[in-house]
Structures are given as structure tokens and as C-alpha cells.
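Chain naming here is simple, since letters A, B, ... match the order of the sequence lines and numbering starts at 1 in each. Basis for what follows: all heavy atoms, side chains included, without hydrogens, waters or symmetry-related copies. Please read these numbers as outputs of a predicted model, since none were measured by experiment.
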Number of protein chains: 2
Amino acid sequence: MVKNENTSTENVKNLLVEKGVKPSFQRISVLKYLLRENNHPSVDTIYKNLVPYIPTLSRTTVYNTLKLLSEKEVISTLTINDTDLRYDFINEPHDHFQCKTCNAIFDVKVGVDISGLKSIDGHQIQEIQLHMKGVCRQCLKEKN
Amino acid sequence: MVKNENTSTENVKNLLVEKGVKPSFQRISVLKYLLRENNHPSVDTIYKNLVPYIPTLSRTTVYNTLKLLSEKEVISTLTINDTDLRYDFINEPHDHFQCKTCNAIFDVKVGVDISGLKSIDGHQIQEIQLHMKGVCRQCLKEKN
DNA sequence: TCTAAATTTGTAACTATTACAGATTTATAG
DNA sequence: CTATAAATCTGTAATAGTTACAAATTTAGA
Ligand SMILES: [Mn+2]
Ligand SMILES: [Mn+2]
Ligand SMILES: [Zn+2]
Ligand SMILES: [Zn+2]
């Protein structure tokens, strides 16, 4: 549903540089993971997946990297899950659905597009997140 | 914007009983606070506001009560804030705006109504939350 | 009034996140 | 190619929100 991003080191490096982020090995690795998996991971998921390949990696580095990428608007911080924050590459605007059974988070797109809305009741809008929860397609199937 | 609920003990008690919740003094107090303030509070805000009137109150009771009211669909759990969960009485469907400067959460209503959407991409939808973030009206004014 | 069930309470445990200082790596100037 | 400074990364400790749990209290039913 969301277009596949080129996850070559060169492209990931460029994405960082374009946004003013120095492309360290750790930063490239984190962003590459987000692009490749597109699974809205937590800090811990990212850490556990990368540490086998980067044995010296620190959880703090993952936290620092995600904070930096978030500030530079390379990624967005999803508050859809109630126990930890999730991260997503900023691509074309889309919404999210979380399954209450398997906890997976899916990209979805509702018909209406409010991504252009700049203010409401005099409040200046900078970010919009539309979150849905329920039972995902797979889990529905398995229940029968 | 959202209609004022009757916050008399009698009415709050009825709201609980209708949803199958035994109306203990603590439960009535918590729900009354939510209805009266309509400020999307955290557990801690609720606790700090009630404990002067209920000196024996335990934080755990506030957690337990909110969990129970959430399960019985008396209140909804908002994941808009990134550090703690916020709670809201379930009234007419509406959306939320959080100010990044003062952190206040406002009730808002976007034009489009998707509250009737029952499924998307085959996933069964049970809850929808639309979250906006930016700078609120007051904070915008104070910046000038 | 006695007994059992439900509710509340306080403490301990757990987990996500942040603070921070020291170690390492990278960039810059001589 | 050094020497030095700046940036980045790392590991540990501290913080904060939440949950687990058992004991105490309250409430409901016999
Ligand atoms: Mn996404
Ligand atoms: Mn609200
Ligand atoms: Zn599922
Ligand atoms: Zn504000």
C-alpha cells in the first residue's frame, strides 16, 4: 500500500544527508531497518534486530537516533500503542490500524484526506494521526 | 463543544449502574471528576485532585477504576500523549488536539465523520481516534 | 450476626524512557 | 601525518508510568 523505498545504503545515506543528519553507521542501520521492514517497530524491536549485526550497539543510541530523526522529520513517532512508542518513516500520508489480538500495526488509508488541514478552532495543526483498533484480517480468519 | 453532562452523584451513579459497574464511592468520584473537568487527565492528575477529599485513596484504585470503566466502555483511553495515558468520558464522537507548548488536550471536531466505519482492508474496526498536534490558540496568542 | 465476595489499599516489581558522564570516533587545523 | 576539538556512541543509573499481588477493609447475602 505504501510505496517501497530503496533501502540501499547509498539511498538511505542520501535521505539522511538531505534532512541534515550526519549519516553514521548506526543511523543508517536504524533508518534502513525502518524502511526495509516497514513494521512500525518499538525501540526494543529495532535494538534486538540490529544488535546481532552491530554487537557494540547501545539501546541509548537507538533512542538518540530515533529522537534525532524525529526532530529532523525523517520519521514520525506513533502513539498508537499504549505501552511503547512506535516509529515510522515519513512517506506519503497514511493511517494506522492496530490489531488488539496480535498487536500488529498495519498501514491503512481512509477515503477522506485531512492531511492538508492547517488549523482547527484557532489551533495551529502540525501533525495528524488517525488510529484505528480492532481485529485484523488474519486474526479474524483464525477465529473461524 | 461537547455537551455538558449532569455531574450530580445520582446521575453519575446511574451512568455506572447502566453499564454494569457497581457504584462505589471511589468509582463515582473518579467518573465525576472526568465528567466535571473534561480535561483528559492522566492517572496522576486524577489521583492528586481526589486525594485531598479522599485521604485513603490509593493510586492503584484509580488505575483499577479506569481499567474497569474502560472495559465497560464508560470511558475511553487516549493514547495521544507520549508519556502517559489519558482518559475521557465516552460521549458523542469527537477528536482531540494536543498543544506541544502547554500540553493541554482540546476536544475538536473535524468536518468528516468516519465514526461509522466498521472495517478497512478486511480488518474489523472497534475504535477510532483522530489525534492532532501543534500550537493551541492561547499559546499562539502569547507568542505575539 | 456470621461468612463469603467484592473492593480498596500499600508495597514491590516491572518496563519504557531519560540523564549523564566517560569512551570512542570523526572532523579540523597545523 | 599529528594534535586537538567536536561529535557520536556507549553503559549505567535514575526516573516515571504501570502492573502484580497479598493483606486489609468494606459490602452483600444467608
Ligand atoms: Mn505506517
Ligand atoms: Mn475529549
Ligand atoms: Zn491480528
Ligand atoms: Zn498551548
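- Atom CD of B:Glu71 and atom C1' of D:dT19 are 13 Å apart (whole Å).
- As rounded to whole Å, 17 Å separates atom C1' of D:dA20 from atom CZ of B:Arg59.
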Output a table of nitrogen or oxygen pairs between the protein and nucleotides 21-24 of chain D separated by less than 3.5 Å.
none

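- At least one donor-acceptor pair closer than 3.5 Å links the side chain of B:His40 to the backbone N or O of B:Ile105.
- Atom OH in A:Tyr87 sits about 10 Å away from atom C1' in C:dA16, given to the nearest Å.
- Considering only side-chain N and O atoms, A:Tyr63 lies under 4.0 angstrom from the phosphate OP1 or OP2 of C:dT17.
- Note: CG (A:Leu57) to C1' (C:dT24) measures 15 Å, nearest angstrom.
- Two residues, A:Thr83 and B:Pro55, neighbour DNA chain C, and the one matched to the more 5' nucleotide by heavy-atom proximity is B:Pro55.
- Partner of A:Lys32 under the side chain to side chain donor-acceptor pair (under 3.5 Å) criterion, out of A:Thr7, A:Asn11, A:Thr9: A:Thr9 alone.
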Handout entry: Derivation and outcome, side chain to side chain donor-acceptor pair (under 3.5 Å), residues A:Asn39 and A:Tyr33
Key = CA-CA 9 Å; A:Asn39 57 350; A:Tyr33 178 83; 3.2 Å; yes

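- Across the protein-nucleic acid pair, B:Leu85 atom CG and D:dT18 atom P stand 5 Å apart, rounded to whole Å.
- Using a distance-only test at 3.5 Å, with no hydrogens or angles considered, no donor-acceptor pair links the side chain of B:Arg27 to the main chain of B:Thr65.
- Interface residues of residues 13-31 of chain A facing DNA chain D, ordered by number: A:Lys22, A:Ser24, A:Gln26, A:Arg27; criterion, heavy-atom separation under 4.0 Å.
- For D:dT10, one of the phosphate oxygens OP1 or OP2 lies less than 4.0 angstrom from a side-chain nitrogen or oxygen of A:Thr61.
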Practice task
Test ring-ring contact (aromatic ring centres under 6.0 Å, His included) on A:Phe106 and B:His123 and set out the steps.
Solution key: CA-CA 9 Å; A:Phe106 300 86; B:His123 310 312; 4.5 Å; yes

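- Inspection of the A:Asp84 and A:Asn81 side chains reveals an N or O donor paired with an N or O acceptor under 3.5 Å.
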Exercise for the section: Apply side chain to side chain donor-acceptor pair (under 3.5 Å) to A:Thr77 and A:Ser70, showing your working. Expected result: CA-CA 7 Å; A:Thr77 303; A:Ser70 207; 3.0 Å; yes

Problem - Steps toward side chain to side chain donor-acceptor pair (under 3.5 Å) verdict (A:Asp44, A:Ser42) - result: CA-CA 5 Å; A:Asp44 214 56; A:Ser42 65; 5.7 Å; no

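- If you measure from atom CG of A:Asp82 to atom C1' of D:dA16, you get 16 Å, rounded to the nearest angstrom.
- As a whole-Å value, the separation of A:Tyr47 OH from D:dG11 C1' is 10 Å.
- Distance, A:Asn81 CG to C:dT17 C1': 15 Å, rounded to whole Å.
- The residue B:Thr56 sits close only to the backbone: its heavy atoms come under 4.0 Å of sugar-phosphate atoms, none of a base.
- Classification of the B:His96-B:His131 ring pair by plane angle, with boundaries at 30° and 60°, yields tilted.
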